[in-house]
Amino acid sequence: MRLFKTDMYNTPDTRNLLDHTRQGVIGKPLDRPEGPLKVSGSATYSAEWKFDNCAEGVLVLSTIAQGTVETIHKQPVLDMPGVLAVLADEAMTRRSTQGTAGEAPVQDVHTVEYFAQPIALVVAENFEQARDAALALKVDYAISDEPIALDPESPDAEVEDPANSEPVKGGDLDQAMRDAAFAVDVEYDTPGHASAAMEPHATIAQWDGDHLVLHGSYQMLSYNVKEIADCLSMSPKKVRIIAPYVGGGFGSKLGITHEAVAAAIAAKELQRPVRVVMTRQHVFQTVMRRSETRQRVRLAADATGKLIGLGHEALVSNLPDEDFAEPVTQATEFLYSGENRLLEVKVARISRMTAGSVRAPGEAVGMQVLEAAMDELAEAAGIDPVELRKRNMPDKVPVEGTPYSSRMLAEALDQGASAFGWDQRYATPCQRREGEWWIGMGMASAARVNMLVDAEARVTLKADGTALVETDQTDIGTGSYAILGQIAGEMLGLPIDRVKVMLGDTSLPAGAGSGGSFGAISTGSAVMRACEDIRKRIAKALGCDAEDLDIKDGVASAGDDSRALTDLLDGKDFAETGSIKPGKTAKDYSQASYGAFFAEVAVNAFTGETRVRRMTGAFGFGRVLNAKTARSQCLGGMVWGIGSALTEELAFDLRDGHLVNHDLAEYHVPAHADVPAIEVILLEERDAAASPLQAKGVGELGICGAAGSIANAIYNACGVRLRSFPMTLDKVIEQLPDPFAKVA
Ligand code: MOS
């Protein structure tokens, strides 16, 4: 073992190694190696691990929005069959977090700050007993007589500047609006969203002396270890988390949630393993939500459609003292021209569960609104929406002056438009009717910031000519197993079936975790660097320079010299740990993934129901590491775009603050019949500033603007310009034109 270097990514790695290797597996649409385990039900998810003597815990949630817990009537419940304990520890009610170990506030157990905040855990011999007892538990509250803000628009909501971001100000936006040949000044709103991951949050906790092992469902294990340790006032070295398979997260598993802390406390108290699985209703009510937003967009364009001014101001919400504020204007900062600008987010302090990262925090809602407003500008200026975007691609980031690392926006717009048949679109609404349906087309740009974060991985080239990749990186359904194996296979010249990938265990080197679309490029870069060091050792054994080395199918060669790896290894293993840390490239370049969405919708002329008929997305995000998993990410994002445009919305009861639609029956994610044929075009690009892989993040790109293209298609179909997402039929029907009007 050697100590790894500090591997700050300070200068773009322009060697482009992966275009000079020979195996040919990188980028290929290879299947996910764990796929058969998952579809056959034999991959073990967190709640499914078997332990002898495992007790079952069920969380108890508050039934008031604000006040204090006075008495928990434990005894009657402790007398119920099988009940082992009723626990109400102060650490248990800690808010779910963002991966912000040591910074998130620990709440006083007696204080309830939102409806359905976990306040206790009931543990019993089996789940039914625990659930029965949890429902029977009587809790007395003192309801606060302080004014409660249950909604960001409430006069009692305090509105603050976010802790972690500054407004972007440049020039004089008001003057630009006055000078504009075409101006748009509009206000949109977007509702709260639930991550709605398939697998509910679940943890099994088990103690071995003072060491804690959690089998849980989390996205960022090395962070999560620190969080749990912080919560329980213990050393992170004594915590291990095991999570080889995670059934989706979308941000809701970035930080630890209540069930993990509760299970750990209960397992210690009872000296036996304890499993806590959140019900679907618990997940909806307690884990992080995406903030609802109110957004004002101002666009000032000159006579040619070029933006001279751009305003994007948003009101979002969170609990008091929470640092996270949905970064709505994140992509607005770099996407379009307009030196006169004001981009600003304010946060209203309200009594709802924590607001945090939900797939593409910022862009998901910011882009859909910006792109809908751009459609309004295109119409006002009489310029084709695709052309309007192309006229507004700045040379450098406005105000900041940062150069772009690489940007395939124009290519995505052109190729998407051509594949979709954008030239078939009528420029004005209500031109195309099929029976009782108005047909329309809309488009939007896609953009999402790129992030490289700290990651480590160990790669071992074994004496038998196979390779092992090890890191605590998670695979939340995104393709980490496949991608990391492809990087190692490509670098070490091994067919993919000779590479094994082990993930999701904090006893392995700390990967990036899954979040912010940074998992594959960050942990993948660490794998690549480990492989580079192994290649040096192979070159040395072969007696050549690393630059002259070729490896394919387990045979190393340089010039006329050629030997099998197994021969060169001579019974030994070559193991190296690679690492990467963000460095100067992150500041020197504006890095983002780009794309374009095109949607065709049918809007029912009588009912206002919208059906998406087809969608095309074209995306450029640096090197494609696996064309199948990348396509799946884009596709999934676009499906979420359909939900954001048409159905998804957290609905709170403003009398008591409870979440009304706290299950998948009432929170409407798109189901099969809602999702049409979706075409995904992957553009080839290299971005040396983004990562040594020359790849950028793609996990979240597919949602960033997708809903805007659908909103714009609704307008193009029937002339209904809604500024409130989701665009449900009750909103559409109010503005529908006469269904019997003659089509022009
Ligand atoms: Mo993502 S919302 O950072 O998991």
Side-chain angles (χ1 to χ4, degrees), residues 96-101 104 164 190 192-199 201 216-224 227 243 246-257 283 287-291 293 316 318 322-328 330-331 353-368 446-455 472-480 503-504 511-523 582 591-593 621 629 632-634 636-637 639-641 643-644 648 650 669 696-707:
S96 55
T97 59
Q98 279 275 324
T100 47
N164 297 325
T190 67
H193 286 160
S195 291
M198 189 88 89
E199 181 199 20
H201 297 57
S217 186
Y218 291 97
Q219 294 178 222
M220 309 236 296
L221 303 192
S222 46
Y223 256 127
N224 304 138
E227 289 174 318
V246 178
F250 307 113
S252 71
K253 297 169 183 171
L254 283 173
I256 55 165
T257 36
V283 173
V287 310
M288 291 190 306
R289 66 187 166 94
R290 190 200 299 286
S291 173
T293 71
V316 304
N318 210 338
E322 284 289 330
D323 280 355
F324 181 86
E326 181 83 24
V328 175
Q330 193 158 259
M353 75 292 265
T354 319
S357 293
V358 176
R359 197 177 195 172
E363 286 91 335
V365 282
M367 282 294 293
Q368 76 187 45
R448 169 69 179 161
V449 292
N450 182 65
M451 287 172 265
L452 182 73
V453 304
D454 288 36
D472 80 357
Q473 173 68 30
T474 46
D475 186 325
I476 60 172
T478 41
S480 312
L503 302 180
S514 300
S517 304
F518 52 61
I521 66 156
S522 303
T523 307
Q591 300 177 21
S593 298
F621 46 94
T629 60
S632 290
Q633 288 304 304
C634 296
V639 170
W640 203 329
S644 303
E648 291 188 45
L650 292 177
V669 298
K696 295 186 277 196
V698 65
E700 296 160 312
L701 182 61
I703 188 178
C704 301

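Both ligands and their constituent atoms are indexed starting at 1 by order of listing.
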message = Between Glu363 and Arg448, is the salt bridge (Lys or Arg N to Asp or Glu O under 4.0 Å) condition met? List the steps.
response = CA-CA 6 Å; Glu363 286 91 335; Arg448 169 69 179 161; 2.6 Å; yes

Residue pair His201 / Ser217, side-chain heavy-atom distance below 4.5 Å = no

task = Could you go through the side-chain hydrogen bond (donor to acceptor under 3.5 Å, both in side chains) check for Thr523 and Gln473 one step at a time?
result = CA-CA 7 Å; Thr523 307; Gln473 173 68 30; 2.6 Å; yes

inquiry  = Once salt bridge (charged side-chain N to carboxylate O under 4.0 Å, His left out) is applied, do any residues pair with Lys696, and if so which ones, sequence neighbours excluded?
reply    = Glu685, Asp687

message = With a 4.0 Å heavy-atom cut-off, what residues sit around ligand 1?
response = Gln219, Phe250, Gly251, Leu254, Ser357, Val358, Arg359, Pro361, Gly515, Gly516, Glu700

message = Classify the ring geometry of Phe250 against Trp640: parallel below 30°, tilted from 30° to 60°, perpendicular beyond 60°.
response = perpendicular

task = Measure from the side-chain N and O atoms of Asp475 to the backbone N and O of Val246, and report whether any donor-acceptor pair falls under 3.5 Å.
result = no

